[in-house]
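Hydrogens, waters and symmetry mates play no part in the numbers below; they use all other heavy atoms, side chains included. Order of appearance sets the numbers: ligands from 1, and atoms from 1 within every ligand.
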Amino acid sequence: MSTDYINIFDTTLRDGEQAPGCGMTAEEKLRVAYQLEKLGVDIIEAGFPISSEEDFLSVKTIAEKIKNCQIAGLCRASQKDIDRGWEAVKHAERPRIHTFVATSDIHLKYKLKKSREEVLEMISGAVKHAKNYTDNVEFSCEDATRTDLEYLCKAVEIAVQAGATTINIPDTVGYTAPDEFGHIIRKLKKNVPGLEEIILSVHCHNDLGLAVANSLAAIKEGARQVECTINGLGERAGNASLEEIVMALKTRNDLLPFQTGINTENIYPTSRIVTQVTGVNVQPNKAIVGANAFAHEAGIHQDGVLKEKITYEIMDPESVGIPSNKIVLGKHSGRHAFKNRLEEYGYFLTDENIEIAFKKFKDLADKKKYVFDEDIEALINEEFLRSSDYYKLLTVNFAGGTGMSPNATIKLEIDGKEITDSESGGGPVDAIYKAIKKATGENPNLENYSVSSITGGTDAQGEVSVRVSENEIVSQGHGSDTDIVVASAKAFLNALNKLRWRREHPKVSNAKGI
Ligand code: KIV
Ligand code: ZN
């Protein structure tokens, strides 16, 4: 591999998933993993196997199915975590164990309650234990940027001596700035013997909005792996955004002469799939993948772009997979145009599924004049990307209006049986949710309910997201339909299906709160 090659380590399925409301089921994670493989990432961090049965299963399934990326599982620096992590990743063509421990005095004193010496022993023990399983071992010094620099050098040296093949320097709390981070990387490269033989990695959080700038500064100083997420998802303000790092390297290759293996025209489809799966929308002005990233509103800009794109466009929208010539589909569109549009967005369906999707598309086109790309994505998500359904929606009917008490009747298929129930409530959604609770016997707390319109116009599809919780278990559901009452029912059932799955597959431990 050439010395200017930057390994892209995607942690959307691990750090991204730790963000509130971004939890994904095993099926959803696999769907994203297939897309990340198409995107060309080098390493997929598929999860934190010891954190729950569900995460273990996700990592194991991804390791079995994805052939062209290394698959990493995160483990704390303990034998138990590493054993469990290995069980999950060992099926991969190229498995990686990623083990970590905090090195800052703040974390040592308040969280770990350990001395510096004890932590050095943990590092050596964990890396050596992982090496019994595989050669491909990554070690991370959590909170590295608030760690005493001499001690950080020592910790990294111990990990290198124990056999780590990648050393990761996380800015866990998004505290550093480009000059300072560049200095840390320079100092490590200069002071740690043997570091030149291994890959130095960085992992930046975005609390001060500097995650991408810090990652680029580290690359300039010799980091050859960056850890990042699609849409910049991640804990708190998120992680460094994959699309921004990759496009900065590509667009400013004169300043940053480095290469990646990313197929950039798959960036936008990947961003959309992650949005669909998590239900977390990208802010409109987000660089590269936001709805306005390539929209020119001001007359003077529009005039310039029409005369010559280069006046106001530094990147070609097509280079990140945003189709330039958006033909809006409608009820006269044929199967061929429909299939083409699906493929442009990364959905390669079997002939049988194309037929199912095409029929749904025609039904939608009867209700809506124009069917936009976002509608098609929602349709595919509804039909094919949902997790296993214990509770299936058959019909929902609602009566209400001025002077009437809203009443809803719901017919569900539950474990193979049809169940019908009715309830009244303060409003249509309230009535439906009560009827669903009665029919399913589920009674979680509804923590959040939000509705947005997928496209413009009164015939637009409504997209509903809900978050429910029961004891420690939290679950997020999404649903879309031209009728927001139906979308609300779908979203609630989606959340209940995930909740039930999680209840029936209890957590092994609660290690996620790192
Ligand atoms: O932010 C962080 O420090 C992490 C490590 C576990 C790599 O996510
Ligand atoms: Zn992180």
Are Q283 and N285 close enough, and set up right, to give a side-chain hydrogen bond (donor to acceptor under 3.5 Å, both in side chains), and what steps lead you there? CA-CA 6 Å; Q283 74 197 57; N285 58 331; 3.1 Å; yes

Can you confirm, on distance only, whether ligand 1 has an N/O atom lying under 3.5 Å from any N/O atom belonging to [X]?
X    : answer
R14  : yes
E142 : no
D15  : yes
S140 : no

So, [X] versus [Y]: side-chain donor-acceptor pair below 3.5 Å or not?
X    : Y    : answer
D83  : Y133 : yes
S241 : K286 : yes
D42  : Y5   : yes
N445 : E470 : no
Q35  : R31  : no
Q225 : E227 : yes

One residue to check: H205. Relative to ligand 1, which of side chain, backbone, both or neither has a non-hydrogen atom less than 4.0 Å away? side chain

Partner of C228 by side-chain contact (heavy atoms from CB on, under 4.5 Å), out of N239, L233, I245: I245

What orientation do H98 and F9 show, parallel under 30°, tilted 30 to 60°, or perpendicular over 60°?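 Taking F9 first and then H98, their aromatic rings stand perpendicular (interplane angle over 60°).
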
Counting from 1 in the order shown, the ligand 1 atoms closer than 4.0 Å to a non-hydrogen atom of P170 are 2 (C), 3 (O)

Listed as residue and atom, the protein N/O/S atoms under 2.8 Å from the Zn ion (ligand 2) are D15 OD2, H203 NE2, H205 NE2

